[in-house]
Amino acid sequence: MRFNYAAVMLLAFVSSVHAESFSYKGLALGASAEELRERLPNYMDATYTGSLYNFKSIDCARKNPGNSEAVQQCLKATSFGGVPVESGSIYLRANQVYSIDLKVKPWYVGELIGAITARYGKHSDRKTLEYRNEYGVKSEGWIYTWVSGSTSLTVEDSGGKELAVRIGSFQSKQEILESMRKAAEIGAKDF
């Protein structure tokens with residue numbers, strides 16, 4: 001009987017790991033703009049365009065010229081999984097966080113995947129992709145996907161250029177695809 005109890009407890013623990021909602025510095029989808037300002041003040045000092053907040057790591061150096069300690073604190077305050085974020089975008093809809101997109105240098109792949117796996121468990125899906133650069137040279141990339149309810153966290157290696165991390169809902173992906181389909185129907189031009 002003890003074995004069954006232990007198995008049930010282990011299953012409950014594993015399920016709870018996968019059920020944790022994805023977040024960036026404690027900021028989850030649906031969080032308010034106020035919470036965004038509190039948790040990620042470095043995004044407030046960067047580019048703001050109504051429903052989009054952007055951050056670039058270079059902003060840390062621009063804000064703190066000659067102060068390497070302040071630059072390191074700024075970079076740590078915007079890291080993800082202990083890995084420095086090169087740039088990030090946080091999208092708002094109706095004054096709530098709608099999606100989070102981060103860019104990370106490719107040499108952090110092991111550390112990043114390890115940190116995400118330690119926190120959220122094994123990925124739900126892994127796809128291999130083929131990319132071509134502007135000269136037609138092929139390279140292989142991949143996408144890891146973690147799923148929790150209607151939210152996904154993806155890490156994409158686009159052929160070694162950068163790692164793209166995205167926290168979004170399946171609904172947001174469907175809405176984007178639907179708006180692209182509608183734009184194509186009415187003949188909208190993509191410039």
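Note that the numbering runs from 1 along the sequence shown for the chain.
One distance of note links OG of S87 with CD of E162; it measures 7.0 Å at 0.5 Å rounding. Once rounded to the nearest 0.5 Å, the distance linking OG1 of T154 with CZ of F22 reads 10.0 Å. Of the inter-residue distances, the one linking I167 atom CD1 with I100 atom CD1 reads 4.5 Å to the nearest 0.5 angstrom. The distance from the NZ atom of K138 to the CZ atom of R132 is 4.5 Å, given to the nearest 0.5 Å. Atoms CZ and OG, on R166 and S152 in that order, are 6.5 Å from each other to the nearest 0.5 Å.
Residues L92 and Y98 form no side-chain contact, since every pair of their non-hydrogen atoms from C-beta on lies 4.5 Å or further apart. Proximity of F80 to V165: side-chain heavy atoms (C-beta onward) are separated by under 4.5 Å at one or more points. By the 4.5 Å heavy-atom criterion applied to side chains, K105 and P84 are not counted as neighbours. Counting heavy atoms from C-beta on, the side chains of L36 and L27 come closer than 4.5 Å. In this structure, E156 and L129 have side chains that are in contact, with non-hydrogen atoms separated by less than 4.5 Å. Annotation: side chain of Y53 is in contact with side chain of R37 (closest heavy-atom distance under 4.5 Å). Side-chain contact between R62 and I58 is present, with heavy atoms from C-beta onward closer than 4.5 Å. In this structure, S21 and T151 have side chains that are not in contact, with every pair of non-hydrogen atoms separated by 4.5 Å or more.
Under the side-chain contact (heavy atoms from CB on, under 4.5 Å) criterion, A77 pairs with N42, not counting sequence neighbours. Taking K25 as the reference, S79 meet the side-chain hydrogen bond (donor to acceptor under 3.5 Å, both in side chains) condition, with sequence neighbours excluded.
Contact record, L153 with Y120: CD1-CE1, 4.1 Å, taken as the closest heavy-atom pair. The two residues D157 and Y131 come nearest to each other via the heavy atoms O-CE1, 3.6 Å. Nearest heavy-atom pair across L29 and S169 is CD1-N, 3.7 Å. Taking both residues in full, the closest heavy atoms of K63 and C74 are given as NZ-SG, 4.5 Å, listed atom of the first, atom of the second, then distance.
Under the 4.5 Å side-chain heavy-atom criterion for Ile, Leu, Val, Met, Phe, Trp and Tyr, V137 and W142 are members of distinct hydrophobic clusters. V104 and V71 fall into different hydrophobic clusters, defined by Ile, Leu, Val, Met, Phe, Trp and Tyr side-chain heavy atoms under 4.5 Å apart, directly or through other members. The hydrophobic clustering, which links ILVMFWY residues whose side-chain heavy atoms are closer than 4.5 Å, places V109 and V83 together.
Side-chain atoms of N54 and S89 form a donor-acceptor pair, as typed in the model, at a separation below 3.5 Å. Under the 3.5 Å distance criterion, with hydrogens and angles disregarded, a donor-acceptor pair is assigned to the side chains of T128 and R126.
Considering V155, V85, L163 in turn, V85 is the only one that fulfils the side chain to side chain contact (heavy atoms under 4.5 Å, CB included) rule with L102.
Listed for the W146 side chain is a donor-acceptor partner under 3.5 Å among the backbone atoms of G121. Without hydrogens or angle criteria, N64 side chain to N67 main chain gives no donor-acceptor distance under 3.5 Å. In this structure a side-chain-to-backbone donor-acceptor pair under 3.5 Å is present from T78 to L75. A side-chain donor-acceptor contact under 3.5 Å links S32 to the backbone of E35. Side chain of Y144 to main chain of K122: no donor-acceptor pair is present (N/O by atom type, distance under 3.5 Å, no hydrogens or angles).
For Y43 and F55, the gap between ring centers is short of 6.0 Å.
Crowding of E34 atom CD: a count of heavy atoms from other residues, nucleotides or ligands under 6.0 Å not exceeding 12.
D59 has no carboxylate O lying under 4.0 Å from a charged side-chain N of K56, or vice versa, which leaves the two without a salt bridge.
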